[in-house]
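Here is the structure we will look at, set down as structure tokens.
We use all heavy atoms of the structure for the numbers below, so side chains are in, but hydrogens, waters and symmetry mates are not.
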Amino acid sequence: WRIRMSIDTKKYYENYWNRETDVSDFDVTTSERKQRLLKTLSLHVKAGEYVLDLGCGGGKFTSWILQAGYTAQGMDISNNALELAKRNNPNISFELLEPDGSIPAQDSKFAAVWCTEVIEHILDVNTFLFEIRRILKPGGILILTTPYHGLLKNLLIVLFKFDKHFDPESSHIRYFDKKALSRCLDKAGFSPLNWSGIGRFYLLWRTWFVVARKAW
């Protein structure tokens, strides 16, 4: 499986990560995402098992995964992001994703994949999820966050913030409601275990928090 990634896309993220701080430092959901991630790992993953932070950026979440007792690894498409991650976490393995976006890891290596605020930037969502499934061991879990979209929130966006939310210059190219994300997960061979949200309150959550198991 391969994910097509243009030179322009890579250039965009190299420019985006031309910074000295992790973008998660400025995200109001970071603290709650951290708590939910670590709680989910404690329920499904044994200490010492391999956990991948896919789209790790500056490596903040990768560091928290390691501190929680797992064998953490981070990957990203941006060299600049990985340089920042390595400076902040010299004892963690970080790797550059392949030019075509495929994941440089053997089949069934990881007990869990953490993929936070990444899938909405991916052109070929189905191939991306199949590639995640490939590197998960049987029964492994995908922990996923992506901006929340539900009926009420969508109506409010259309009425009051359409231009800002669907900014054509934004890096977001996918928008998931539960039905659409469920369809993609099912097609790639994942069985959702939990659907919930982070930030604000029900019906107006900021982001989905989804846990899905690799189907046997």
Requested in this report: If a pair satisfies salt bridge (charged side-chain N to carboxylate O under 4.0 Å, His left out) and one of its residues is in residues 73-97, list it, with sequence neighbours excluded.
Outcome: E20-R87
Query raised in the report: Do you reckon I132 sits in the same ILVMFWY cluster as F94, going by side-chain contacts under 4.5 Å, direct or chained?
Result: no
Query raised in the report: Could you go step by step and tell me if I135 and D107 meet the side chain to side chain contact (heavy atoms under 4.5 Å, CB included) rule?
Result: CA-CA 4 Å; I135 64 169; D107 295 357; 5.6 Å; no
Query raised in the report: Would you say the side chain of H121 lies within less than 4.5 Å of the side chain of Y13, judging by non-hydrogen atoms?
Result: yes
Report task. Kindly indicate whether the side chain of L144, heavy atoms from C-beta on, has any atom under 4.5 Å from the side chain of V113. Result -> no
Query raised in the report: Under a 4.5 Å cut-off applied to non-hydrogen side-chain atoms, are L96 and N79 in contact?
Result: yes
Report summary line: Tightest non-hydrogen contact, residues S42 and K39, listed as OG-O, 2.6 Å
Query raised in the report: What are the two closest heavy atoms between P138 and S108, and how far apart are they?
Result: CD-OG, 4.1 Å
**Report entry** Qualifying ring pair (Phe, Tyr, Trp, His ring centres under 6.0 Å) pairs with a residue from residues 138-158, counting only residues at least two apart or across chains
**Finding:** Y148-W205, Y148-W208, H149-H165, H149-Y175
Query raised in the report: If you measure from CZ on R174 to CD on E120, what distance do you get to the nearest 0.5 Å?
Result: 11.5 Å
Query raised in the report: Are V51 and F110 close enough that some pair of their side-chain heavy atoms sits under 4.5 Å apart?
Result: no
Requested in this report: Could you check W114 against L142 for side chain to side chain contact (heavy atoms under 4.5 Å, CB included), going step by step and ending with a plain yes or no?
Outcome: CA-CA 6 Å; W114 166 242; L142 167 62; over 6 Å; no
Query raised in the report: Quick one: do Y50 and I141 end up in the same hydrophobic cluster if we chain Ile, Leu, Val, Met, Phe, Trp and Tyr together by side-chain heavy atoms under 4.5 Å apart?
Result: no
Query raised in the report: Is there a side-chain contact between F176 and S182, using heavy atoms and a 4.5 Å cut-off?
Result: no
Report summary line: SG (C56) and CE (M75) are apart, to the nearest 0.5 Å, by 9.0 Å
Query - In one Ile/Leu/Val/Met/Phe/Trp/Tyr side-chain cluster, 4.5 Å: L97, L136 - result: yes
Query raised in the report: Can you get from L156 to L203 by hopping between Ile, Leu, Val, Met, Phe, Trp and Tyr side chains that sit under 4.5 Å apart?
Result: yes
Query raised in the report: If you round to the nearest 0.5 Å, how far is NZ of K179 from SG of C184?
Result: 12.5 Å
Report summary line: Apart from L43 itself, members of its ILVMFWY cluster (side-chain separation under 4.5 Å) are none
**Report entry** Spacing of T116 atom OG1 and L54 atom CG [to the nearest 0.5 Å]
**Finding:** 11.0 Å
Query - Between T207 and E117, a side-chain donor and acceptor under 3.5 Å - result: yes
Query raised in the report: Are T71 and L66 side-chain neighbours, meaning at least one heavy-atom pair lies under 4.5 Å?
Result: no
Requested in this report: Give the intermediate values and the outcome of side chain to side chain contact (heavy atoms under 4.5 Å, CB included) for residues I157 and K153.
Outcome: CA-CA 6 Å; I157 288 170; K153 185 176 179 181; 3.9 Å; yes
Query raised in the report: How does the hydrophobic cluster around V28 look, that is, which other residues are in it when side-chain heavy atoms under 4.5 Å mark a link?
Result: none
Report summary line: Nearest heavy-atom contact between G199 and E32 is N-OE1, 3.5 Å
**Report entry** Reported CD1-to-CG distance for the pair I65 and L38, which is rounded to 0.5 angstrom
**Finding:** 7.5 Å
Query raised in the report: Just by modelled atom types, is the G189 backbone N or O under 3.5 Å from a matching donor or acceptor in the R133 side chain?
Result: yes
Query raised in the report: Is a side-chain N or O of T127 found less than 3.5 angstrom from the main chain of D124, in a donor-acceptor match?
Result: no
Report summary line: Here the pair of heavy atoms bringing R134 nearest to Q106 is NH1-C, 3.8 Å
Report task. Looking only at non-hydrogen atoms, find the nearest pair between R213 and G139 and report the distance. Result -> NH1-O, 2.7 Å
Requested in this report: Would you sort out whether R33 and T145 count as a side chain to side chain contact (heavy atoms under 4.5 Å, CB included), showing the intermediate values?
Outcome: CA-CA 8 Å; R33 280 188 288 150; T145 79; 4.1 Å; yes
Query raised in the report: For residues N80 and S78, is any side-chain donor paired with an opposing acceptor at under 3.5 Å?
Result: no
Query raised in the report: Is a side-chain N or O of N89 found less than 3.5 angstrom from the main chain of N91, in a donor-acceptor match?
Result: no
Query raised in the report: Which residue pairs pass the side-chain hydrogen bond (donor to acceptor under 3.5 Å, both in side chains) test when at least one of the two sits in residues 183-197, sequence neighbours left out?
Result: R36-S196, N194-S196
Query raised in the report: Is there side-chain contact between F128 and V118, with at least one heavy-atom pair below 4.5 Å?
Result: yes
Query - Check: T30 side chain, S24 main-chain N or O, donor-acceptor pair, under 3.5 Å - result: yes
Query raised in the report: Atom NZ in K214, atom CG in L185: separation rounded to 0.5 Å?
Result: 14.5 Å
Report task. Provide the closest heavy-atom pair for A212 versus F190 in the form atom of the first, atom of the second, distance. Result -> CB-CB, 4.0 Å
Query raised in the report: In terms of hydrophobic clustering (I, L, V, M, F, W, Y; side-chain heavy atoms under 4.5 Å; direct or indirect links), are V45 and L193 co-clustered?
Result: yes
Query raised in the report: What pairs meet the salt bridge (charged side-chain N to carboxylate O under 4.0 Å, His left out) rule with one or both residues in residues 49-61, with sequence neighbours excluded?
Result: D25-K60, E49-K137
Query - Validation row: F61, K34 side chains within 4.5 angstrom (heavy atoms) - result: yes
